[in-house]
S.K.: 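The structure follows.
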Amino acid sequence: MTVDLQRQTALLGWYARHARRLPWRAPTGQLADPYGVVVSELMLQQTRVDTVIDYFARWVQRWPHWQALAAAPLDDVLAQWTGLGYYNRARNLHRTAQTVVAEYGGVLPRDVAALAALPGLGPYTVGAVRSIAFGQPAALVDGNVARVLARWYGLRHDPMAGTGKAQVWQWAADHLQPATAACQHPQDWNQALMELGATVCTPKQPQCQQCPVATGCVAHALDLTLAIPPPRQRTTVVPIAACYYAVQRLPQPQDRDGILVLLGKRGEHGRWAGLWEPPGAEGPDAAAQMLTFAEQCGLQAQRPLPTLVHVLTHRRYAVQATAGTLGDRPLPDPAHWGYTAWRWTTVAEALANTSGLSRLGQKIVGLLAAPPPLL
DNA sequence: AAGGCGGGGAG
DNA sequence: CTCCCAGCCTT
């Protein structure tokens, strides 16, 4: 196929003028620190730039290099990820750091196969690391690039699946060599494509008037910009009824920080794996289960808390929470309630950004701190 | 190829 | 409400 060198030059020039300054991004024409690239790319998977900026700054301040991250306990890594979601990414990043230290002497390998074997690094992220950290002429396709190229060529299929996906990856590869020949910096070309998709060639309100490559864009010429890429199949959201208990413990002589709240640590698999939350259950018999839990704890002074809703991509939690005070009985076996451990903490600590709670868990604890509802 | 996996911002 | 974001892993 032929590629439009003129439009490539236009896009590269646009990127040199309009690139956002991001904490992990090197100036145009330069390479970025491999550790920072991997950390930022793992955080950015399915997550917006604006959300990641603060997390990235705190992360590299606490763990500035592979050795520091590899030596950190997994619980600390998960806690530092609190609120970012998709917590397997944090586990993968941690395991990647340990592999880099143990297998590669603390230096990220430059080899494609070695990179692709690292946990958490898929086709997109490998392309990003190779080009942005090492300057290798490696193509990449993320949601932005897929949308830009699909519109550029008037692709009528979903660019993220099946033949459309293969087509877009081919286009990305076709562009890379001549674009790199023009600017000598494959990292700039890849980031220019993504930047255009993130700031100009957006899904809903593309700014075609400001687009440096609108000339020759098939979708723009045919007025199909909003129809390409085609809308994806809508996911069905499953409603889940859940019942949680905010169990408090009155201050004891060793408690200097006032009333404490009980947390359980979730198992190593499934949703919110390894994260903490107030004890709860989900499903049709959740309320009955938790009633038993309350009896086992000898829960006193029970009062219902306002109901709350927590929405995930495929699940919608409707949570009925109850507050109560622990009696003088010992806590039941956490394993019987789906947890690997119990822990007491203050409300303020549970609501902190490094608490290791899921956002749902924080919402439940937050009900204790919220003012009572007006009647 | 399909399902699981979070959370939040924008319209 | 809706959509979808610098995706990956498991089955």
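Order of the sequence lines sets the chain letters (A, B, ...), proteins ahead of strands, with each chain counted from 1.
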S.K.: Base, sugar-phosphate, or nothing for Leu84(A), non-hydrogen atoms under 4.0 angstrom?
M.R.: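 Answer is base: heavy atoms of Leu84(A) come under 4.0 Å of a base.
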S.K.: Angle between ring planes, Trp59(A) versus Trp63(A), binned at 30° and 60°: parallel, tilted or perpendicular?
M.R.: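 Ring orientation, 0 to 90° scale: perpendicular.
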S.K.: What nucleotide, of dA6(C), dG6(B), dC8(C), holds the atom closest to the side chain of Thr313(A)?
M.R.: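 So the side chain of Thr313(A) is nearest to dG6(B).
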S.K.: Work out how far the P atom of dC8(C) is from that of dG8(B), and round it to whole angstrom.
M.R.: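 Straight-line distance between the two P atoms is 22 Å.
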S.K.: Counting only side-chain nitrogens and oxygens, does His310(A) get under 4.0 Å of the OP1 or OP2 atom of dG7(B)?
M.R.: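 True: His310(A) side-chain N/O within range (under 4.0 Å) of dG7(B) OP1/OP2.
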S.K.: How close or far is atom P of dG4(B) from atom OH of Tyr317(A), stated in whole angstroms?
M.R.: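 It works out to 12 Å between those atoms.
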S.K.: Does Thr47(A) or Lys204(A) map to a spot on DNA chain B nearer the 5' end, using the closest nucleotide for each?
M.R.: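 Taking each residue's closest nucleotide, the earlier one in sequence belongs to Thr47(A).
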S.K.: Just N and O in the side chain of Gln45(A): are any of them under 4.0 Å from OP1 or OP2 of dG7(C)?
M.R.: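 Result: no.
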S.K.: Please determine whether a side-chain nitrogen of the Lys or Arg among Asp76(A) and Arg62(A) lies less than 4.0 Å from a carboxylate oxygen of the Asp or Glu.
M.R.: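 Answer for the salt bridge query: yes.
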S.K.: Answer yes or no: side-chain N or O of Arg89(A) and base N or O of dC8(C) forming a donor-acceptor pair under 3.5 Å.
M.R.: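 No, the side chain and the base share no sub-3.5 Å donor-acceptor pair.
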S.K.: Give a yes/no on whether any side-chain N or O of Arg48(A) is located under 4.0 angstrom from OP1 or OP2 of dC4(C).
M.R.: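 So the side-chain polar atoms of Arg48(A) never come under 4.0 Å of the phosphate oxygens OP1 or OP2 of dC4(C).
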S.K.: For atom P, what is the distance between dA6(C) and dC5(B), given to the nearest Å?
M.R.: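 Those two atoms are separated by 23 Å.
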S.K.: In whole angstroms, how far is the P atom of dC9(C) from the NE2 atom of His269(A)?
M.R.: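 So the two atoms are 16 Å apart, to the nearest Å.
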S.K.: How many Å lie between CD1 on Ile53(A) and C1' on dG9(B), as a whole number?
M.R.: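 Rounded to the whole Å, the gap is 14 Å.
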S.K.: Quick one: the side chain of Thr51(A) and the base of dG9(B), do they pair up donor-acceptor inside 3.5 Å?
M.R.: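 Not at all, since no donor on one side and acceptor on the other fall under 3.5 Å apart.
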S.K.: Would you call the rings of His310(A) and Trp272(A) parallel, tilted or perpendicular, taking 30° and 60° as the class edges?
M.R.: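 The rings of His310(A) and Trp272(A) sit tilted, inter-plane angle from 30° to 60°.
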S.K.: Give a yes/no on whether any side-chain N or O of Arg91(A) is located under 4.0 angstrom from OP1 or OP2 of dC8(C).
M.R.: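 So the side-chain polar atoms of Arg91(A) never come under 4.0 Å of the phosphate oxygens OP1 or OP2 of dC8(C).
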S.K.: Determine, for Glu195(A) against Arg25(A), whether the closest basic-nitrogen to carboxylate-oxygen distance falls under 4.0 angstrom.
M.R.: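 Arg25(A) and Glu195(A): salt-bridged.
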S.K.: Distance criterion of 3.5 Å, no angle test: do you see the side chain of Thr125(A) paired donor-to-acceptor with the base of dG7(C)?
M.R.: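 It does not, because no donor-acceptor pair links the side chain of Thr125(A) to the base of dG7(C) below 3.5 Å.
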S.K.: Over all strands shown, is Pro123(A) touching base, sugar-phosphate only, or nothing at heavy-atom distances under 4.0 angstrom?
M.R.: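 Since only primed, P, OP1 and OP2 atoms lie under 4.0 Å of Pro123(A), the category is sugar-phosphate.
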S.K.: So which one's nearest nucleotide on DNA chain C is more toward 5', Pro119(A) or Leu44(A)?
M.R.: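 The 5'-side residue here is Leu44(A).
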S.K.: Over how many whole Å does the gap from Met160(A) atom CE to dG7(C) atom C1' extend?
M.R.: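 Taking atom C1' of dG7(C) as the reference, CE of Met160(A) is at 7 Å.
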S.K.: Any idea how His175(A) and Trp152(A) line up, ring-wise: parallel (<30°), tilted (30 to 60°), or perpendicular (>60°)?
M.R.: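 The arrangement is tilted - the two ring planes meet at 30° to 60°.
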S.K.: Does the side chain of Arg316(A) get closer than 4.0 angstrom to OP1 or OP2 of dC1(C) through an N or O atom?
M.R.: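 Affirmative; the distance criterion is met.
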S.K.: For the pair made of CG in Leu226(A) and C1' in dT2(C), what is the distance, rounded to whole Å?
M.R.: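 For the pair Leu226(A) CG and dT2(C) C1', the rounded distance is 15 Å.
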S.K.: With heavy atoms under 4.0 Å as the rule, sort Ser40(A) into base, sugar-phosphate or nothing.
M.R.: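 The residue Ser40(A) makes no contact with any strand.
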S.K.: Check every atom of dG7(C), dG4(B), dG8(B) against the side chain of Gln46(A) and return the nucleotide holding the closest atom.
M.R.: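 For the Gln46(A) side chain, the nearest candidate turns out to be dG7(C).
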S.K.: Map Asp50(A) and Gly83(A) onto DNA chain B by nearest heavy atom, then report which one ends up closer to the 5' terminus.
M.R.: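 Closer to the 5' end of DNA chain B: Gly83(A).
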S.K.: Base, sugar-phosphate, or nothing: which does Ile132(A) touch, judged by heavy atoms less than 4.0 Å apart?
M.R.: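 Result for Ile132(A) = nothing.
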S.K.: Angle class for the Tyr153(A)/Trp171(A) ring planes (parallel below 30°, perpendicular above 60°, tilted otherwise)?
M.R.: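 Taking Trp171(A) first and then Tyr153(A), their aromatic rings lie parallel (interplane angle under 30°).
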S.K.: Using the side-chain heavy atoms of Arg271(A), tell me which of these nucleotides is nearest: dG7(B), dG11(B), dC5(B).
M.R.: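 It is dC5(B).
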S.K.: Kindly say if Asn88(A) contacts the phosphate of dC9(C), meaning a side-chain N or O under 4.0 Å from OP1 or OP2.
M.R.: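 Checking dC9(C) against Asn88(A), no side-chain N or O comes under 4.0 Å of OP1 or OP2.
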S.K.: Give one of base, sugar-phosphate or nothing for Trp24(A), where a contact means two heavy atoms less than 4.0 Å apart.
M.R.: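 Counting heavy atoms under 4.0 Å across all strands, the contact made by Trp24(A) includes a base.
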S.K.: Below the 4.0 Å mark, does dC5(C) have OP1 or OP2 next to a side-chain nitrogen or oxygen of Tyr86(A)?
M.R.: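 Answer no for this pair, as no side-chain N or O of Tyr86(A) is under 4.0 Å from OP1 or OP2.
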S.K.: Kindly work out whether a path of hydrophobic side-chain contacts (I/L/V/M/F/W/Y, heavy atoms less than 4.5 Å apart) joins Leu74(A) to Leu84(A).
M.R.: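 Yes, same cluster.
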S.K.: Starting at atom CD of Gln205(A), determine the distance to atom P of dC4(C), rounded to an integer number of angstrom.
M.R.: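 Distance, rounded to whole Å: 14 Å.
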S.K.: Report the distance from atom CH2 of Trp169(A) to atom P of dG7(C), rounded to the nearest whole Å.
M.R.: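 Those two atoms, CH2 and P, are 11 Å apart.
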S.K.: Rounding to an integer number of Å, can you tell me how far Leu140(A) CG sits from dC8(C) P?
M.R.: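 Value for this atom pair: 10 Å.
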S.K.: So, OP1 or OP2 of dG7(B): does either fall under 4.0 Å of a side-chain N or O from Trp272(A)?
M.R.: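 Result: yes.
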S.K.: Hey, which of these two, Asn92(A) or Glu41(A), hits DNA chain C nearer its 5' end, going by closest nucleotide?
M.R.: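 Looking at DNA chain C, the more 5' nearest nucleotide goes with Glu41(A).
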